[in-house]
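See structure below.
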Amino acid sequence: LGKGNRKQNYIHAEDVAHLAKKLSLEDKNKIILAISPDNYTNLEIADFIKELTGCKITFHGKDFSRSIEYFENDLSVSSHAFIPIKQGLKELIEWKKK
């Protein structure tokens, strides 16, 4: 929808699992945000998918949703090496082809 300008944060399921396991091993309870370090527009994600598959991007209607961006703060985890979005999309596309 729209022109793909809406931004959001994407995180790989393996990163979420890693963070959940890490938290389960902590001595004390704490709250963290399971966010990746980067926020992307939907157009950027579509361009990555186009690059990996050769598909065509088409725009329809309007997107009235607001962007939701997350940034590192006291509740985020910066010590984890996150799976890059392009790698995660490539893995997902290869899995779907099976």
Side-chain angles (χ1 to χ4, degrees):
L1 290 174
K3 298 292 182 189
N5 297 327
R6 183 168 54 87
K7 275 192 163 185
Q8 57 192 59
N9 191 278
Y10 296 89
I11 186 168
H12 197 288
E14 286 184 30
D15 290 322
V16 174
H18 172 84
L19 295 171
K21 180 179 178 183
K22 183 177 179 177
L23 279 176
S24 73
L25 299 173
E26 294 277 331
D27 290 335
K28 295 180 180 181
N29 288 338
K30 69 180 183 181
I31 297 171
I32 66 159
L33 297 175
I35 59 172
S36 68
D38 300 305
N39 299 287
Y40 297 93
T41 66
N42 287 337
L43 181 57
E44 288 174 309
I45 298 298
D47 281 336
F48 294 155
I49 294 169
K50 178 182 175 183
E51 181 183 314
L52 294 168
T53 66
C55 69
K56 181 181 174 188
I57 299 172
T58 59
F59 300 97
H60 298 281
K62 294 182 180 182
D63 184 358
F64 296 106
S65 305
R66 64 183 179 94
S67 292
I68 300 176
E69 298 180 72
Y70 292 95
F71 301 96
E72 287 188 30
N73 61 38
D74 293 343
L75 296 176
S76 61
V77 178
S78 58
S79 61
H80 174 69
F82 288 89
I83 296 171
I85 190 74
K86 281 187 182 180
Q87 178 184 334
L89 288 169
K90 183 177 179 183
E91 291 170 2
L92 178 62
I93 290 165
E94 290 172 358
W95 177 80
K96 285 293 285 179
K97 287 180 179 179
K98 292 181 182 183

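No experiment lies behind these values; they were computed from the predicted model shown. Heavy atoms only: backbone and side chains are in, while hydrogens, waters and symmetry mates are out.
- The shortest heavy-atom contact between E69 and N39 is CA-OD1, 3.5 Å.
- Separating the CD1 atom in I85 from the NE2 atom in H12 is a distance of 8.5 Å, to the nearest 0.5 Å.
- Screening residues 46-56 for side-chain hydrogen bond (donor to acceptor under 3.5 Å, both in side chains), with sequence neighbours left out, gives no hits.
- Contact annotation: the side chain of I35 never approaches that of F82 to less than 4.5 Å [non-hydrogen atoms, C-beta and beyond].
- Closest of all the heavy-atom pairs between Y10 and S36 is O-OG, 2.6 Å.
- Put simply, OG1 on T41 and CG on N5 are 7.0 Å apart, with the number rounded to the nearest 0.5 Å.
- Going from atom CG of L92 over to atom CD1 of I49 covers 8.0 Å, rounded to the nearest 0.5 Å.
- Expressed to the nearest 0.5 Å, how far CG of D38 lies from OH of Y70 amounts to 15.5 Å.
- Considering NZ of K86 and CD of E44, their distance stands at 10.0 Å, rounded to 0.5 Å.
- The shortest heavy-atom contact between K90 and L52 is N-CD1, 3.7 Å.
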Next item on the list: Give the C-alpha distance, both sets of side-chain angles, the deciding distance and a yes or no for side-chain contact (heavy atoms from CB on, under 4.5 Å) between L33 and N9.
Entry: CA-CA 11 Å; L33 297 175; N9 191 278; over 6 Å; no
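- To the nearest 0.5 Å, atom CZ of residue F59 and atom CG of residue L43 are 5.0 Å apart.
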